[in-house]
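Residue numbers start from 1 in every chain, and the chains themselves are labelled A, B, ... in the order their sequence lines are given, proteins ahead of strands.
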Amino acid sequence: MTRTLIAELRGKVGERVTIRGWVHALRDQKRMQFLVIRDESGLAQVILPKEDPPNELNEAVSTLTAESAVTIVGTVVADERVKLGGLEVRLEELHVDSLADPELPIAPDSALDKRIDWRFLDLRRPDRRLIFEVQTTAEHAMREYWRGEKFIELHTPKFMGSASESGAELFKVEYFETQAYLAQSPQFYKQMAIAAGFGRVFEVGPVFRANPSFTSRHDTEFTSVDVEIGWIDSHEDVMAFEEAWLAHVLARVKETHGEAIEATFDTEVVVPSLPFPRVTLEGAKDMLREAGHAAPGPEDDLDPPSERALSAIVKQEHGHEFAFVTDYPTTVRPFYHMRHPDRPNLTRSFDLLWKGIELTTGAQREHRYQQLLAQAEDKRVDVGPIQYYLNFFRFGAPPHGGFGFGLTRLLMQLLGQDNVREVTFLYRGPHRLEP
RNA sequence: GGGGGCGUAGCUCAGCAGGUUAGAGCGCUGCCCUGUCACGGCAGAGGUCGCGGGUUCGAGUCCCGUCGCUCCCGCCA
């Protein structure tokens, strides 16, 4: 017998069906037994009149516990009394696939850390499932757009012999007789693809950062979305791509899940208008000062409170949730970011802020070998271990640039969540290696 | 790495300025209930108050240490 999903019951009134799922609730009364079954498509009420004395099926229902996995055979009937869609299933057969222990270790309002201990139970809740439905839709929309623009998908190695210079700390792993590192970023390899003539590339894959960061937006392993585009004129081309691509992704998510997201997470998905507001870092600091926000310290960057404040100002002045901040000084950017020809202390780089958090870092890359060498020396980067990378630029490299971001940060903002752990299937942090 | 907060029943929490047998709601167990739908009613079980030490006649409560969790900063995406 084939399985019927609960969402399909409406079209099966009068038919005998098999539904398979979890015991969501059990109301075992004197004359009637009510069972609410949940599967990935919804909830359904199952009923069984209780005989006196109870028959074998009555007894079987009585022994059920919440969250047990069961297979139900019964006839679908329409009944206006039923609040759950005006439908119910008259129970005819019950198979207990797996009886759950009676006391569950977590409740919907349990602390996040405890819910992660029991993530498989936590994820049974429909609103948690929605997170991953949205992730799937978003990723699909990204690929849809990339393919329309002739991008090639990469799968770069995660074992590396040296750092890919992103400032983040590396995980060391034993590698036969030597030592390897887990990739912090596919940065060098996506640039290699450009040097290889692929034109435009993307990768969605894991990256590893050995930062002991205890915040709501960091983890030690996360899914990075990376893009690199060849034959550009400046970082402006990269930003122009990113904003159009993101607008497409958000439009797709809104049309597919907009109502569910609003109902479940009380967050509206806003499809952004183009172009996104742009401001230089210097301009951003002026805006912050004018708004009375304490000017960021001597560092050549924005701290998280300043990023939040800047987003709020842009939202108020332009009605826009996104903001590109451009032209970061060389002091806070890696050696491979291209510098402005007329202002060599500034890079052709950008961050993309969304609702107060840093979503993306991007830049035009330096593709001229001698210039790249000079910048590495200027930043005191030991080029010995990365000669293979520098070689990409010795035999004809196109001007190019790109960006990368953490998938869960996108999802977190999209769903109005306050922690990446909520939207990560299985979180990995400094003290979290299980489950 | 720096700073703040928290750790009491399976879960979420309350325990005021230290004072006999540590509480609530939910969950769990049992009984009752002609259709419930967050069902309802009655009864019951369940806690070495994270751990170690100290102060005190007396510590869940105060002090020190330690472990764990959490948030912010640093770092980043």
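Contacts of A:R421 with the nucleic acid, taken as non-hydrogen atoms under 4.0 Å apart, involve only primed sugar atoms and P, OP1 or OP2. At a threshold of 4.0 angstrom between heavy atoms, the contacts of A:A66 with the nucleic acid are absent. As judged by a 4.0 angstrom heavy-atom cut-off over every strand, A:D351 is placed among residues making no nucleic acid contact. Within 4.0 Å (heavy atoms only), A:V36 reaches no atom of the nucleic acid at all. Residue-level contact check: A:L104 touches the backbone only, with heavy atoms under 4.0 Å from sugar-phosphate atoms and none from bases. Contact annotation for A:P305: backbone-only contact, meaning every heavy-atom pair under 4.0 Å involves sugar-phosphate atoms and none involves a base. Within 4.0 Å (heavy atoms only), A:D226 reaches no atom of the nucleic acid at all.
Whole-Å rounding puts the A:R31 CZ to B:C32 P distance at 12 Å. Rounded to an integer number of Å, the gap from A:D28 CG to B:U29 P is 11 Å.
With hydrogens and angles ignored, a donor-acceptor pair closer than 3.5 Å exists between the side chain of A:H218 and the base of B:C75. Contact annotation: side chain of A:T215 to base of B:C72, donor-acceptor pair absent below 3.5 Å. No hydrogens or angles were tested; on distance alone, nothing pairs the side chain of A:Q29 with the base of B:G35 as donor and acceptor under 3.5 Å.
Between A:N211 and B:G1 there is no side-chain polar atom (N or O) within less than 4.0 angstrom of OP1 or OP2. Listed pair A:R115 / B:U12 fails the phosphate criterion, with no side-chain N or O lying under 4.0 Å from OP1 or OP2. Residue A:R308 places at least one side-chain N or O under 4.0 Å from the OP1 or OP2 atom of B:C73. Side-chain N/O atoms of A:Q45 include none lying less than 4.0 angstrom from OP1 or OP2 on B:U36. A close approach under 4.0 Å does occur between a side-chain nitrogen or oxygen of A:K114 and OP1 or OP2 of B:U12.
A donor and an acceptor atom, one from each side chain of A:H24 and A:R38, are located under 3.5 Å apart.
The side chain of A:E103 approaches B:C28 more closely than any other nucleotide in the set B:C76, B:C11, B:C28. Side chain of A:D113, nearest nucleotide from B:U70, B:U12, B:G35: B:U70. Side-chain atoms of A:P304 lie closest to B:G74 of the nucleotides B:C11, B:G74, B:G35.
A gap of 35 Å separates the C1' atoms of B:U70 and B:U29, to the nearest Å.
In RNA chain B, consecutive stretches of 3 or more Watson-Crick or G-U wobble pairs with both distances under 3.5 Å are given as paired ranges: B:1-7 with B:67-73, B:10-13 with B:23-26, B:28-32 with B:40-44, B:50-54 with B:62-66.
In this pair, A:H400 and A:H367 present their aromatic rings perpendicular. The plane angle is above 60°, beyond the 30 to 60° band.
The aromatic ring centroids of A:F151 and A:F241 lie less than 6.0 Å from each other. Residues A:F405 and A:W354 keep their aromatic ring centres 6.0 Å or farther apart. Between A:F171 and A:F208, the distance from one ring center to the other does not fall under 6.0 angstrom.
A cation-pi geometry, defined here as NZ or CZ lying under 6.0 Å from the six-membered ring centre and within 45° of its normal, holds between A:R333 and A:Y328.
Considering only heavy atoms from C-beta on, A:P186 stays 4.5 Å or farther from A:L154 through its side chain.
When the ring pair (Phe, Tyr, Trp, His ring centres under 6.0 Å) test is applied to A:H318, no partner is found at least two apart in sequence or on another chain.
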